[in-house]
Amino acid sequence: MNPTPPARRGRLPLSLRRRRVPWERQRPTWRDAKPALIAQALKRAQARPSGNWYVVGASRALRADRPLGRTVAGHEVVVWRGPDGRPHAGPGVCPHLGAPLADSPVRCGTLVCHWHGLSLNGGPVAGWEPLPVHDDGVLLWVRLDQAGGEIPLAAPVLPRRPDPAGALTAVYEATGTCEPEDVVANRLDPWHGAWFHPYSFVDLTVVGTPGGEDDDRFTVDVSFKVAGRLVVPVRAEFTAPEPRTVVMHITEGEGAGSVVETHATPLGPDASGRPRTAVTEAVVAASGRRGFAAARAAAPLLRPLVRSAAGRLWRDDLAYAERRWRLRTTGRFPG
């Protein structure tokens, strides 16, 4: 399906809706949101290579004096910064007597086990072997070949995004009882936006759907709600560059070039044996407007607001993903 031409960006970032359509009177989208179309897009995403790379957290969250720990697909992982600021990573279990290295301090770029003082500088020692790690300026990635089972890649598959140095970035994290595919499937269903999230989205129309491997995009015209009839209309494209990532690119309207990346990382089963998945959503916002420099300067104040908005959406979307998992695993999912 070929998308219709988008409207030009106005002189002001906000628009005034001509008429407010009550939630229950908006156009139903269930006929357009064909389960087979979503399932095919998910299947293509799952077939793409990840190179065994997993998102483990935000770059900004990794401080110089303490490590970041996460369990990925049942494997404890620890990440810390060396004396030059570059990240190191490896198993989160001390090879001596099994201490949790995520609870140990970092001193002058060396991770020092708080049980018996074993020091790790990022190189192999006492049976401990480092893991490949990548800092893309917004997110931290670790490569786990044992968990992924794919042909390893030298670096993660990264989407096109604005230079973080000139953008406003914010990262939100949450955890749900589901598998990564349930998170990805949620994002590959753009039709639910205005129905399920009326506090954030209005006037949503899917104007383009995937045409195959060479055109695997969902194109959406949507307005982000600000207050009352004030909205920010944009055109966005949703793509899945690898099995556990869905990216929304703003292609027209305010903030063109900005991206919202959703990454799903399997954590491992909970005490009841149910799968747990971490959702890491990175917002990388850019704008050519003069006032954007002021927004970047106010980033420390704006990031909590961005994370709060993402949190409200993900409370709903994780409920969506968790229900999808429950229905799938009990043979009741109709899609």
Side-chain angles (χ1 to χ4, degrees), residues 46 48-159 164 171 173 175 179-180 183 241-245 261 263-269 275-280 282:
Q46 292 176 317
R48 297 188 177 107
S50 73
N52 304 324
W53 288 94
Y54 298 85
V55 170
V56 293
S59 299
R60 189 178 299 274
L62 188 59
R63 294 170 34 175
D65 60 341
R66 65 187 185 196
L68 184 152
R70 171 156 280 177
T71 299
V72 178
H75 300 266
E76 286 186 55
V77 173
V78 66
V79 185
W80 76 97
R81 294 200 185 277
D84 57 359
R86 291 187 301 174
H88 299 289
V93 179
C94 179
H96 176 229
L97 285 176
L101 293 175
D103 295 338
S104 298
V106 177
R107 296 290 184 265
C108 300
T110 298
L111 180 62
V112 183
C113 177
H114 65 301
W115 276 18
H116 297 93
L118 176 65
S119 295
L120 301 172
N121 61 10
V125 60
W128 186 93
E129 294 289 336
L131 293 168
V133 60
H134 183 84
D135 183 351
D136 66 23
V138 179
L139 299 171
L140 294 165
W141 303 69
V142 169
R143 199 181 81 196
L144 285 172
D145 295 337
Q146 182 178 356
E150 299 179 18
I151 297 174
L153 296 177
V157 179
L158 297 177
V171 178
E173 296 179 88
T175 302
E179 295 179 332
V183 173
E242 56 112 76
R244 293 178 292 275
T245 298
E261 303 173 10
H263 303 273
T265 301
L267 303 180
R276 301 287 283 167
T277 294
V279 173
T280 306

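Predicted, not measured: the structure shown is a model, and the values here were computed from it. Computed over heavy atoms, backbone and side chain alike; hydrogens, waters and symmetry mates excluded.
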Partners meeting ring-ring contact (aromatic ring centres under 6.0 Å, His included) with W141 (sequence neighbours left out): H263
Heavy atoms of other groups near I151 CD1, more than 12 under 6.0 Å: no
Nearest heavy-atom neighbours spanning A264 and T277: CB-CG2, 3.9 Å
Atom of A89, atom of V133 and distance for their closest heavy-atom approach: CB-CB, 3.7 Å
Atom pair CG (L118) and CG (L101), whose distance is rounded to the nearest 0.5 Å: 7.5 Å
Side chain to side chain contact (heavy atoms under 4.5 Å, CB included) involving H75 - partner list, sequence neighbours excluded: A73, L144, Q146, A147
Any pair counted as side chain to side chain donor-acceptor pair (under 3.5 Å), so long as it reaches residues 105-115, sequence neighbours left out: S104-H114
Verdict with supporting geometry, L139 and E261, side-chain contact (heavy atoms from CB on, under 4.5 Å): CA-CA 10 Å; L139 299 171; E261 303 173 10; 3.9 Å; yes
Step-by-step side-chain contact (heavy atoms from CB on, under 4.5 Å) determination, R60 to V171: CA-CA 9 Å; R60 189 178 299 274; V171 178; over 6 Å; no
Worked check of side-chain contact (heavy atoms from CB on, under 4.5 Å) between V157 and T245: CA-CA 9 Å; V157 179; T245 298; over 6 Å; no
Interatomic distance, E173 atom CD to T280 atom OG1 [nearest 0.5 angstrom]: 4.5 Å
For S50, side chain to side chain contact (heavy atoms under 4.5 Å, CB included) partners two or more places apart: E150, E242, P243, R244
Heavy atoms of other groups near R276 CZ, more than 12 under 6.0 Å: yes
Closest non-hydrogen atom pair between V112 and S119, with its separation: CG2-OG, 4.1 Å
pair P266-Y54: side-chain heavy atoms closer than 4.5 Å: yes
Heavy-atom pair with the smallest gap, counting every atom of P87 and V79: CB-CG1, 4.2 Å
Contacts of E76 that satisfy salt bridge (charged side-chain N to carboxylate O under 4.0 Å, His left out) - sequence neighbours left out: none
Main-chain N/O of P91 paired with W128 side-chain donor or acceptor, under 3.5 Å: yes
Shortest non-hydrogen contact from G98 toward V93: CA-CG1, 3.6 Å
Aromatic ring pairing H88/W80, orientation class (parallel under 30°, perpendicular over 60°, tilted between): tilted
Side chains of L120 and V125 in contact at under 4.5 Å (non-hydrogen atoms): yes
Atom pair CZ (R81) and CG (L62), whose distance is rounded to the nearest 0.5 Å: 4.5 Å
Distance-minimising heavy-atom pair for A102 and P67: O-CG, 3.5 Å
Side chain to side chain contact (heavy atoms under 4.5 Å, CB included) partners for A61, two or more places apart: A58, L68
C108 SG to D65 CG distance, which is reported to the nearest 0.5 Å: 11.5 Å
